[in-house]
J.: 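What follows is a structure written as structure tokens; I'll ask about it next.
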2 protein chains.
Amino acid sequence: MPATTRLWVENRLLQDLPITERIRLVEQCDTVELAFGTVLCEPGHPILHVYFPRTACISLVTTLYGHPPLEMGLIGNEGMLGATLALGINTAPMRAVVQGAGSSLRMNCTQLRIALRDNPMLLCRLNQYLFVLLMQLAQTAACTHFHEIEPRLARWLLMTHDRAHANHFHLTHAFLANMLGVRRSGVTLAAGALQQRRLIRYTRGEITILDRKGLEAASCECYSAINTDAQ
Amino acid sequence: MPATTRLWVENRLLQDLPITERIRLVEQCDTVELAFGTVLCEPGHPILHVYFPRTACISLVTTLYGHPPLEMGLIGNEGMLGATLALGINTAPMRAVVQGAGSSLRMNCTQLRIALRDNPMLLCRLNQYLFVLLMQLAQTAACTHFHEIEPRLARWLLMTHDRAHANHFHLTHAFLANMLGVRRSGVTLAAGALQQRRLIRYTRGEITILDRKGLEAASCECYSAINTDAQ
DNA sequence: GCGCTTGTGTGCTGTAGCGAACAGACCCTC
DNA sequence: GAGGGTCTGTTCGCTACAGCACACAAGCGC
């Protein structure tokens, strides 16, 4: 195995850092397997660890009393959970749930604080990522309000597809309903429509993306809006 | 006029800074009168000035093609427009519109960058404020999706009341409809209901808050949720 | 094989809010 | 006082979605 492989961390936020800083950071991380459904933090509670997903995928959801949860943002290997530490704030703004099981680098929150102090490049990257998250939040909020279930579902599948590194993943209608903040049978309808158009296929929680281009056409413009922001 | 009056800047973000730093910052600001409806920045465009409202009130709105705008956040004299500069990013994340005419301190964006570099306390405050904004965004998003027009209207009026420093302000139904992302006649209905319950009174765009406690009871829990966060 | 859980299809009824349109009320200006 | 702009009240049909309920099918443990 060549020496460079050792430094390949499968997380773009870390990967984009200069090599010396990257090594130092990764050495302070441990690798954890995140199981589907695990709640990594709750709003208002202190952050203990930050996560740099490798193959895992983490949802940021808001909860309103008496209502199902609602997803506001999605974190894959392009980002991290806990970027608000860059603001010097130790409190989680939202609930974070593992939405796609997989591996992730994990770092102690106090170690990250020290790293942020000593490492201006890291701070800069986290700040940039926070900005992207902010835009994502705003876009998602408007999308959730104005757009219909079907395009929203398509967008959601695309975003997950981007982060899952596979065109096949496990997702039940009930789970999707929670993410989109709608009824379960609403998802059944929308998913049925997408399946009939041969864009996806699903059976008992196993979803396969058949036609990415078609899904992009079926999704609302929010997908491309968020993606162009991110770059 | 006593010497301390000179330092009273009517903006809590600035006011809470140590006196020497406050003086230096305020000296770099000019005072501007913001007229109702003025667009201060557009998403994706560079930020030229930041604003520390004194009596003015600024809305952060997202726009989705083919839909009315939707308000995501409200900035009064407790905050500022352009806090994302603390992230080292010079681009506006959302459109900002003057929602309540009034005066504001304005500062050149490059001057603020310099101030941020030299003044860790300022950076810290902006970061804190960004976090509050983030929470506000998430809460508003969920509220917009799940709650009905009437409680949302009540919440909106309360938030404006907090920032207007008067229990009487100018707001037409059409304008409120844009803020809430709903139809104008929907606002007429909701406002009519609130008026019938003697919580507000309005005539031709002039709204008066009659019963604040009652409004709080009529509003959704998001009002208190956001307000406790802010403190 | 049995029963359990989980996931999906489908059917109701109820309703908040949309779209569009129109009418009345008020205000300012000429 | 006439006329046009602005603001508000109200109507009608329509749709997306909620809330709920039930049936069925696949898979699992036993």
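The sequence lines fix the lettering, A, B, ..., with proteins before strands; numbering per chain opens at 1. As the structure is a prediction and not an experimental result, all values here were calculated from the model.
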J.: Would A/Leu157 and A/Ile209 count as a side-chain contact (heavy atoms from CB on, under 4.5 Å) if you check the C-alpha gap in whole Å, the side-chain angles of each, and the deciding distance to 0.1 Å?
T.: CA-CA 8 Å; A/Leu157 291 174; A/Ile209 307 287; 4.3 Å; yes

J.: Please report, to 0.1 Å, the donor-acceptor pairs under 3.5 Å made by any side chain of residues 191-207 of chain B, with sequence neighbours excluded.
T.:
| unit_1 | atom_1 | unit_2 | atom_2 | d |
| --- | --- | --- | --- | --- |
| B/Gln195 | OE1 | B/Tyr202 | N | 3.0 |
| B/Arg197 | NH1 | B/Glu150 | OE2 | 2.7 |
| B/Glu206 | OE2 | B/His170 | ND1 | 2.6 |

J.: I'd like to check the ring-ring contact (aromatic ring centres under 6.0 Å, His included) partners of B/Phe169; sequence neighbours left out, ordered by chain and number.
T.: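 Not a single residue meets the ring-ring contact (aromatic ring centres under 6.0 Å, His included) criterion with B/Phe169.
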
J.: Heavy-atom contacts under 4.0 Å between residues 147-154 of chain B and DNA chain C, which residues?
T.: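 The stretch gives B/Glu148, B/Ile149 as the residues lying under 4.0 Å from the strand, ordered by number.
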
J.: If I take atom CZ in residue B/Arg183 and atom P in nucleotide D/dC12, what distance separates them, rounded to the nearest angstrom?
T.: 14 Å

J.: Can you list everything that forms a ring-ring contact (aromatic ring centres under 6.0 Å, His included) with A/Phe175? Sequence neighbours excluded, please.
T.: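 With sequence neighbours excluded, A/Phe175 shows a ring-ring contact (aromatic ring centres under 6.0 Å, His included) to A/Phe36, given in chain and number order.
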
J.: Measure from CG on A/Leu70 to P on D/dA18 and round the result to the nearest Å.
T.: 12 Å

J.: Do the charged groups of A/Arg212 and A/Glu216 touch, with an N to O distance under 4.0 Å?
T.: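 So A/Arg212 pairs with A/Glu216 through a salt bridge.
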
J.: Before you tell me yes or no, could you show the steps for A/Arg12 and A/Gln15 under side-chain hydrogen bond (donor to acceptor under 3.5 Å, both in side chains), namely the whole-Å CA-CA distance, both residues' side-chain angles and the distance that decides it to 0.1 Å?
T.: CA-CA 5 Å; A/Arg12 283 182 13 221; A/Gln15 189 61 36; over 6 Å; no

J.: What are the bounds, 5' to 3', of the part of DNA chain C that sits under 4.0 Å from heavy atoms of chain B?
T.: C/dA16 to C/dC27

J.: Distance-only, no hydrogens or angles: does the A/Thr38 side chain make a donor-acceptor pair with backbone N or O of A/Leu34 under 3.5 Å?
T.: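 No, the answer is negative, given that no donor and acceptor are paired below the 3.5 Å cut-off.
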
J.: Report the residues that fulfil side-chain hydrogen bond (donor to acceptor under 3.5 Å, both in side chains) with A/Gln28, sequence neighbours left out, ordered by chain and then residue number.
T.: none

J.: Please list, one pair per line, the donor and acceptor atoms closer than 3.5 Å that link side chains of residues 69-80 of chain A to other protein atoms, with sequence neighbours excluded.
T.:
| unit_1 | atom_1 | unit_2 | atom_2 | d |
| --- | --- | --- | --- | --- |
| A/Glu71 | OE1 | A/Trp156 | NE1 | 2.7 |
| A/Glu71 | OE2 | A/Ser59 | OG | 2.3 |
| A/Glu71 | OE2 | A/Trp156 | NE1 | 3.4 |
| A/Asn77 | ND2 | A/Glu10 | O | 3.3 |
| A/Glu78 | OE1 | A/Gly76 | N | 3.0 |
| A/Glu78 | OE2 | A/Gly76 | N | 3.4 |
| A/Glu78 | OE2 | A/Arg163 | NE | 3.4 |
| A/Glu78 | OE2 | A/Arg163 | NH2 | 3.4 |

J.: For A/Arg54 and A/Ser103, test the side chains for any donor-to-acceptor distance below 3.5 angstrom and give the result as yes or no.
T.: yes

J.: Would you mind listing every ring pair (Phe, Tyr, Trp, His ring centres under 6.0 Å) that reaches into residues 57-84 of chain A, with sequence neighbours excluded?
T.: A/His67-B/Phe146, A/His67-B/His147

J.: If the sugar-phosphate is the primed atoms plus P, OP1 and OP2 and the base is the rest, what is the B/S/- string for nucleotides 5-10 of chain D, using protein heavy atoms under 4.0 Å?
T.: BBBBBB

J.: Using five pairs at each end of the helix from C/dG1-D/dC30 to C/dC30-D/dG1 to define an axis, what is the angle between those two axes, to 10°?
T.: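 Inter-axis angle at the termini of the helix from C/dG1-D/dC30 to C/dC30-D/dG1: 30°.
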
J.: Which pairs count as ring pair (Phe, Tyr, Trp, His ring centres under 6.0 Å) when at least one residue sits in residues 38-57 of chain A, sequence neighbours excluded?
T.: none

J.: Show me the pairs that pass side chain to side chain donor-acceptor pair (under 3.5 Å) and involve residues 175-187 of chain B, at least two apart or across chains.
T.: B/Arg183-B/Ser185, B/Arg184-B/Thr188

